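Read the structure below first, then the notes.
Every heavy atom of this structure was used, including side-chain atoms; hydrogens, water molecules and symmetry mates were not. Because the structure is predicted, anything quoted here is derived from the model rather than measured. The chains referred to below are lettered A, B, ... by the order of the sequence lines, with proteins before strands, and numbering in each begins at 1.
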Amino acid sequence: MNTLIELEGVYFKYAGSKEYSLKNINFKADKGEYILITGPSGCGKSTLTRVLNGLIPNFYNGELKGKIKVVGLDVKKTPAYKMAKYVGTVFQDPENQLFLSTVEREIAFGLENLGFKREVIRERVREALEMFKLNELKNKAPYELSGGQQQKVAIASIIALRPKILILDEPTANLDPLSAEEVLQLIDKLVKSLGILAIVIEHRLEIALKYATRMIIMDKGKIIADGDPRKVIISKEANIVGIPKVVEIYKRLVSEKVSLNTIPLSPEELAKLFVKVIKKDGE
Amino acid sequence: MESNEVVIETRNLYYAYEDEKYVLKNINLRINKGEIIAILGENGAGKTTLVKHFNGLLKPTKGEVFVLGKNVKDMSVAELSKHVGIVFQNPDHQLFSETVEKEIEFAMVNFGFEKHYIEERIEWALKLMGLEKYRNRSPYTLSIGERKRLTLATVLSYDPDILILDEPTAGQDFLQKEKIAELMNLLKHRKKTIIIVTHDIEFIVNRVERVILLVGGKIIYDGDKRGALTNYKLMKEARLLPPQVSQISWILYNLGVKLPKDILYTEELLRELLRIYKS
């Protein structure tokens, strides 16, 4: 099964709210995709992820309409604990997600909760510690770790459950740039090595863009752009999310009749494309 | 120079939480009135610990801190906070009132401002931060971005001379960031001293003049922003990334393209790229 998410004509309105937070969402996603979702605050991105992990309608009351299939399951009829096996969610502030005495216990907790056997738990924890290079930290308390390390632990404890879908809601909002880069790169590795589907909500496009295989922009509860990041980032819709400097420089060069052929998503790409152009013209 | 009035000064400042090792080591700083400064460094470098000394929330373990010419050990937190307003990174550490309006009112009532003035300032702050429609809501029902704007409104309402913004752009979308930038401009015109604690490098490129880099509780750089932001070695030591414009020029330089290594602004880079392209 390649298609993991199928939403058709989905609407959602929170209880007590007059307006729909999601309006006519049509969205399909496959395994192996790294989807970046961005948009102004209040645009509905977090609400969309809550539909995908079953927090809507399991924990948030409201009016939910439309067809929703996640990992083949109807979210409206599936209890939250069952969804948690397939869809893992990591939030902005790892401090709110980590609460046990050691990193090792933290990773084991979700597995224990889902009722795995002890041997399986031990094996999965060992694997996760290895994969995320957390062995040295396994006996430390999460609060002793840096923000980046904490976020890694939060992701490791989710990945230990072997979800098919990993959702990250602004995972780097409180991290310094190098830690943010590490976290987003780690997700890229997970997508490539485990073939999971990653959905990442981010405002920091200058770091996140280069890893995404697909970019979605939301505004006022609707998806207003969806596709190849290189196309979406130069669309007029991208103006509301602020385009990174590399893309701005690309556009300015084009307006000066210097074409780089492809839209660069990182400083490295821009530099290399520029060198290609000047070498070609020199020949 | 008219603005050589020192508003904050630290002399051999050391700080340790309880008996632990020092988290601030020998900090010597002089900040002039009207300056706009960014304090940069990774999480845990001591940025927030340092600025907490500026409004008396922390007292030095060793050394001295002077605010507006007075030693902070001779000033109460109440007196200090009238002059130095801090907006913390996590709004939830700062908000506690029943409604948005009461939250803004609180400090001003405490400072003994007159009623009609308080009402005026509440309206001004609500409008400035786009929070009018939430005035009767509980702060806890707001989104994190809105709560952050509320803490800003609270501090701006009593008009302190020195403003410290701790990670004001973290988790804010593009439009909110633009609003924060506008606000900084407004404060600059009103001759406020602004200290911004951040690792949002792209945000500060066009918005501050002076940069202080903190690593492991020590200042490793204090001076003109270009000297810090375009220096790969320093930035790496502070676990930061140079602005994308500087990264591009640096990578091009390493690929053998002849251009300066300390490019900071978009316009500078474009000028260089076009010059190279045409030659």
Which of residues 219-226 of chain B get closer than 4.5 angstrom to chain A, counting heavy atoms alone?
none
Can you find a pair of side-chain heavy atoms, one from B:Q172 and one from A:H203, that are under 4.5 Å apart?
no
Region of B:L270 in contact with chain A, defined by heavy-atom distances below 4.5 Å:
side chain
Say you draw a straight line from OG1 of B:T266 to NZ of A:K245; how long is it, rounded to the nearest 0.5 Å?
3.5 Å
Considering only heavy atoms, which portion of B:L269 lies under 4.5 Å from any heavy atom of chain A: side chain, backbone, both, or neither?
side chain
Heavy-atom distances under 4.5 Å only: say whether B:L240 touches chain A with side chain, backbone, both or neither.
both
At a heavy-atom separation under 4.5 Å, does A:S179 approach chain B through its side chain, its backbone, both, or neither?
both
Pairs satisfying salt bridge (Lys or Arg N to Asp or Glu O under 4.0 Å), at least one member in residues 250-264 of chain B, at least two apart
none
For chain B, which residues of residues 204-236 of chain A have at least one non-hydrogen atom nearer than 4.5 Å to it?
A:E206
Scan residues 228-238 of chain B for pairs that pass salt bridge (Lys or Arg N to Asp or Glu O under 4.0 Å), counting only residues two or more places apart or in two chains.
none
In terms of heavy-atom proximity below 4.5 Å to chain B, should A:L253 be classed as side chain, backbone, both, or neither?
both
Please examine the side chains of A:I240 and B:F174, heavy atoms only from C-beta on, and report whether any two atoms are closer than 4.5 Å.
no
Hey, which of B:V245, B:L252, B:I251 is the one that makes side chain to side chain contact (heavy atoms under 4.5 Å, CB included) with A:P267?
B:I251
To the nearest 0.5 Å, what is the distance between CD on B:Q247 and CD on A:E268?
6.5 Å
How long is the gap from CZ on B:R149 to OG on A:S41, to the nearest 0.5 Å?
6.5 Å
Is any NZ, NE, NH1 or NH2 atom of the basic residue among A:E256 and B:R271 found under 4.0 Å from an Asp or Glu carboxylate oxygen of the other?
no
Hey, which of A:L175, A:L178, A:D176 is the one that makes side chain to side chain contact (heavy atoms under 4.5 Å, CB included) with B:E42?
A:D176
Sort A:D169 into side chain, backbone, both or neither according to what part of it lies under 4.5 angstrom from a heavy atom of chain B.
neither
Does a side-chain N-to-carboxylate-O contact under 4.0 Å join B:R239 and A:E181?
no
